[in-house]
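Down below is the structure, laid out as structure tokens.
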Amino acid sequence: MTATPARSARERAEFLTDGCDHVESLRELAERLERGRPLRVYLGLDPTSPDLHLGHAVVLRLLQRFVDDGHNVILLIGDFTARIGDPSGRNALRPALSDEQIGANMKTYAAQAGKVLDMSRVTLRYNSEWLSKLTFTDIYKLLSQTTVAQMLERNDFKQRYESGTPIALHEFVYPVAVAYDSVAMNVDVELGGSDQLFNLLISRPYQIHAGQDPEICITVPLLEGIDGEKKMSKSLGNHIGLTDPPNDMFGKTMRIPDALLPRYARLAAWWPSDQVQALERGLRDGSASPMDEKKRIAEDLVALYHGGDAARAARDFFERTIQRGEIPAEMPELSLDGRTKLADLIVAAGFAESKRAATRLIGEGAVRVDGTVVSDPNARWTAEGPAVLQVGSRKFVRITQ
RNA sequence: GGGUCGGUGGUCGAGUGGUUAAUGGCACCGGACUGUAAAUUCGGCUCGCGAAAGCGAUACGCAGGUUCAAAUCCUGCCCGGCCCA
């Protein structure tokens, strides 16, 4: 079952957890591997948004490492826990998702996870399968195993309690529900982002109580969003989606702060650690150009999701359009459709939310037609044939008659 | 259940009857500079109509009320923090 049977269990454990944030514990993982049977490994994802992003990819990639090592890997879709809402890292009550939203989000998850994971070797499960069957009696027995003090130990709860931000009782149920997932599936290993450490660790006493071996908890670093400050999250708008088109992926990567280059090289472009270290050295002593390195990282990570050709094309697009200010060869088209006001066309193209906003953009000098700035807010479309409407440096549309 | 304080634009937070579509910070969008980085700097940041000056609509938890005039006062309701039980 192992790709490299010569290695000791300890070496395999170290290989599997290389680059991880926290392992509870490496010794236990080695012992569990020593038993010689494939481990039951799982990652839980709550379908809270329709799209996965590079932050999810970090932990999905770790999951794939376990697939490659021959283990029984489960991708758990938290269709039930999404209804409760994960309080992790929150400083406010999370609004409840409707069943419709959850259902819609779930549809895209498995397909998008497939961009990183070999889904043919992964078991897909849903936690409503067991959580929705629990009775009130079952639930209060589970709840009685954890104290309020333990819950309040958590940083996010502690901060919210001290700052007077509401904490609803059901939020305490979330970690317990996630712990019960581990019991229901009797798993050996659970993965998660580093913000999930508490949720993972709390599973262990529950499993022991149920007569199972406690799971080994492994967390991966959280990838920062392109703003370089907060963790990547769609709701913060600082994410790079796994399904983003190549040009968007490339362009967004070019916008990350320089300080994030090694992080993105390691966690987003998956460079091996010796290359990341070389990059860090180069940046420190000035022998590496941050912009060139950023392009290499961007190209490598685009290649992971769209292939090498698309990545090279994205780089070429960036260098021409953004760096040299050329008008791109290909762009969406929009028919005039009887519209004559420039502002109307900008709205129709989706480059502004309202006509007033479009008029402002024109006044700001952000709008060009065939490369020439048009600053008259009342400008009308006069071009005879097709012409290129550009807003800002990266929004283009070809207007046809 | 009682007491008390509070609910303002994406967010934080001023504003306590009248040039108030509402100071300011952050976020965001654009311009200049640049490497779509950082730093700096300038402008913008509710919607509709109009070539323009402008006009109109909507907005400070919800619903009413007082007033020439309310985010600001009154009543009721909803939601939250803290204290007491």
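So you know, we letter chains A, B, ... as the sequences are listed, proteins then strands, and number each from 1.
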Using only atom types and a distance under 3.5 Å, with no angle test, would you say the side chain of D46(A) pairs donor to acceptor with the backbone of T48(A)?
no
For atom P, what is the distance between rC45(B) and rC83(B), given to the nearest Å?
43 Å
Just distance, no hydrogens or angles: give the donor-acceptor pairs under 3.5 Å from side chains in residues 355-380 of chain A, sequence neighbours left out.
{"unit_1": "K355(A)", "atom_1": "NZ", "unit_2": "D344(A)", "atom_2": "OD1", "d": "3.2"}
{"unit_1": "T359(A)", "atom_1": "OG1", "unit_2": "K355(A)", "atom_2": "O", "d": "2.7"}
{"unit_1": "R368(A)", "atom_1": "NH1", "unit_2": "G371(A)", "atom_2": "O", "d": "3.2"}
{"unit_1": "D370(A)", "atom_1": "OD1", "unit_2": "V388(A)", "atom_2": "N", "d": "3.0"}
{"unit_1": "D376(A)", "atom_1": "OD1", "unit_2": "N378(A)", "atom_2": "N", "d": "3.0"}
{"unit_1": "R380(A)", "atom_1": "NH1", "unit_2": "T340(A)", "atom_2": "OG1", "d": "2.9"}

Each nucleotide of nucleotides 43-56 of chain B classed B (base within 4.0 Å of a protein heavy atom), S (only sugar-phosphate) or -, in 5' to 3' order, makes BSS-BBB-SS----
Classify G251(A) by what it touches in the nucleic acid, base, sugar-phosphate, or nothing, heavy-atom distance under 4.0 Å.
base
Taken in chain and number order and not counting sequence neighbours, the residues that satisfy side-chain hydrogen bond (donor to acceptor under 3.5 Å, both in side chains) with D274(A) are none
Go through RNA chain B and write down every stem, that is, every run of at least three consecutive Watson-Crick or G-U wobble pairs with distances under 3.5 Å, as range with range.
B:1-7 with B:78-84, B:10-12 with B:24-26, B:28-32 with B:40-44, B:46-49 with B:54-57, B:61-65 with B:73-77
Sorted by first residue and then second, give each ring-ring contact (aromatic ring centres under 6.0 Å, His included) pair with at least one member in residues 245-268 of chain A; sequence neighbours left out.
F250(A)-F318(A)
If you measure from the C1' atom in rA27(B) to the same atom in rA52(B), how many Å do you get, rounded?
34 Å
With the side chain counted from C-beta on, respond yes when R204(A) and E24(A) share a heavy-atom pair under 4.5 Å apart, and no when they do not.
yes
Selected nucleotide, minimal atom distance to P257(A) side chain, candidates rC82(B), rU36(B), rA37(B)
rA37(B)
For a quick check, with a 4.0 angstrom heavy-atom cut-off, what is the B/S/- contact string for nucleotides 8-13 of chain B, read 5' to 3'?
------
Can you see if the side chain of K395(A) gets near the phosphate of rG30(B) - specifically, an N or O under 4.0 Å from OP1 or OP2?
yes
